[in-house]
*Asks:* 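Below is a structure I'd like to ask you about.
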Amino acid sequence: MYVVSVQAHYDSAHYLRNYHGKCERLHGHRYVVEAALATQKLDASGLAFDFVDVKRELRGLADELDHTNLNDLPQFAEIEPSAENQARYFYEELKKRLPPAMSEALLYVRVWETPTQWAQYSERQLFF
C-alpha cells in the first residue's frame with residue numbers, strides 16, 4: 001500500500017468550554033494539520049496522488065481557520081474546538097471537497113497542537 005500525506009499550518013486561538021484547567025482560558029497554537037491518502041496502485045506517472053491537488057484543498061481549509069478564535073466559528077459553535085474535533089472537521093470537509101478517488105482514499109487527518117502532541121481522526125480502524 002502507498003500512503004501520501006501533505007501538511008498545512010494555521011495560527012489560531014481557542015478555549016475549551018467544558019475543561020477545568022489552564023486550557024479553559026483563551027490561548028493560541030501554531031497548528032499543523034496533515035492529511036494522508038492510501039492506495040494500492042500508482043498512475044502511469046508513478047504517482048499515488050498529485051500532492052498539488054491535496055495540498056490545495058488542505059491549505060484552503062487551514063486558511064479559513066488561520067488567525068481566528070476557533071470558538072467564534074460556526075463549525076465550533078456547538079462542539080469544543082479541541083484538536084480531536086478539528087481533525088474530524090478537516091477530515092469531513094476534505095471528504096466533501098476532494099475528487100471521488102481521493103475522497104475514498106482519505107486515510108486520516110492529524111492535527112498537532114505542539115510538535116510533540118497530536119490528535120487524529122479517521123473513519124477507518126487504523127493500526128500503527
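By convention here, the first residue in the shown sequence is residue 1. Here the structure is a predicted model, which means the values were calculated and not measured.
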*Asks:* Could you please spell out the steps behind the salt bridge (charged side-chain N to carboxylate O under 4.0 Å, His left out) verdict for Glu84 and Arg88?
*Replies:* CA-CA 6 Å; Glu84 292 86 344; Arg88 184 174 184 164; over 6 Å; no
*Asks:* Using 0.5 Å steps for rounding, measure from the CG atom of Asp63 to the CG atom of Leu58.
*Replies:* 9.5 Å
*Asks:* Has Gln120 got a side-chain atom pairing as donor or acceptor with Ala87's backbone, closer than 3.5 angstrom?
*Replies:* no
*Asks:* Treating Ile, Leu, Val, Met, Phe, Trp and Tyr as nodes and any side-chain heavy-atom pair under 4.5 angstrom as an edge, say whether Leu70 and Val109 lie in one connected cluster.
*Replies:* yes
*Asks:* State whether the side chain of Thr68 and the backbone N or O of Ser12 hold a donor-acceptor pair below 3.5 Å, judged by distance alone.
*Replies:* no
*Asks:* Over 60° means perpendicular and under 30° means parallel, so tell me whether Tyr10 and Phe90 are parallel, tilted or perpendicular.
*Replies:* tilted
*Asks:* In chain order, what residues pass the side chain to side chain donor-acceptor pair (under 3.5 Å) check against Tyr89, with sequence neighbours excluded?
*Replies:* Gln75
*Asks:* Roughly how far apart are Met102 CE and Asp53 CG, rounded to 0.5 Å?
*Replies:* 4.0 Å
*Asks:* Can you tell if the side chain of Leu106 reaches within under 4.5 Å of the side chain of Tyr91, non-hydrogen atoms only?
*Replies:* yes
*Asks:* If I compare all heavy atoms of Lys22 with all of Tyr19, which pair ends up nearest, and what's the gap?
*Replies:* N-CE2, 4.3 Å
*Asks:* Going by heavy atoms in the side chains, are Arg110 and Val33 under 4.5 Å from each other?
*Replies:* no
*Asks:* For the atom pair CG (Leu47) and OG1 (Thr39), what is the distance rounded to the nearest 0.5 Å?
*Replies:* 11.5 Å
*Asks:* Would a 4.5 Å heavy-atom cut-off, applied to side chains only, mark Glu57 and Leu94 as touching?
*Replies:* yes
*Asks:* Only one of Arg25, Glu24, His29 clears side-chain hydrogen bond (donor to acceptor under 3.5 Å, both in side chains) with His27; which?
*Replies:* His29
*Asks:* Has the side chain of Gln7 got a donor or acceptor atom that lies under 3.5 Å from a matching backbone atom of Ala35?
*Replies:* no
*Asks:* Salt-bridged, Lys95 to Glu92, with N to O below 4.0 Å?
*Replies:* no
*Asks:* Rounded to the nearest 0.5 Å, what's the gap from SG on Cys23 to CG on Asn18? Could you check?
*Replies:* 13.0 Å
*Asks:* Same hydrophobic cluster for Leu61 and Val32, using side-chain heavy-atom links shorter than 4.5 Å among ILVMFWY?
*Replies:* no
*Asks:* Does the salt bridge (charged side-chain N to carboxylate O under 4.0 Å, His left out) test come out yes or no for Glu64 and Arg97, once each step is laid out?
*Replies:* CA-CA 14 Å; Glu64 292 174 16; Arg97 296 178 186 207; 3.3 Å; yes
*Asks:* When hydrophobic residues are tied together by side-chain contacts of less than 4.5 Å, even through go-betweens, does Leu16 share a cluster with Leu65?
*Replies:* no
*Asks:* Check step by step if side-chain hydrogen bond (donor to acceptor under 3.5 Å, both in side chains) holds for Glu34 and Tyr108.
*Replies:* CA-CA 8 Å; Glu34 173 187 357; Tyr108 66 80; 3.0 Å; yes
*Asks:* Testing the basics here: between Ala101 and Phe49, what is the closest heavy-atom pair and its distance to 0.1 Å?
*Replies:* O-CE2, 4.1 Å
*Asks:* Is it the case that the side chain of Asp11 and the backbone of His67 share a donor-acceptor pair, with hydrogens and angles ignored and the cut-off at 3.5 Å?
*Replies:* no
*Asks:* Hey, does Leu26 have a side-chain heavy atom less than 4.5 Å from the side chain of Asn69?
*Replies:* yes
*Asks:* Would you say Val4 ends up clustered with Leu107 if hydrophobic residues are merged whenever their side chains have heavy atoms under 4.5 Å apart, either directly or through other cluster members?
*Replies:* no
*Asks:* Please check this pair: side chain of Asn71 against backbone of Tyr15, looking for a donor-acceptor N/O pair closer than 3.5 Å.
*Replies:* yes
*Asks:* So, taking the atom named CG in Leu37 and the one named CG in Leu98, what distance separates them when rounded to the nearest 0.5 Å?
*Replies:* 6.5 Å
*Asks:* Mind checking the CD-CD1 spacing from Gln86 to Ile79? Nearest 0.5 Å is all I need.
*Replies:* 9.0 Å
*Asks:* Taking the side chain as every heavy atom from C-beta outward, state whether Tyr31 and His14 have any atom pair closer than 4.5 Å.
*Replies:* yes
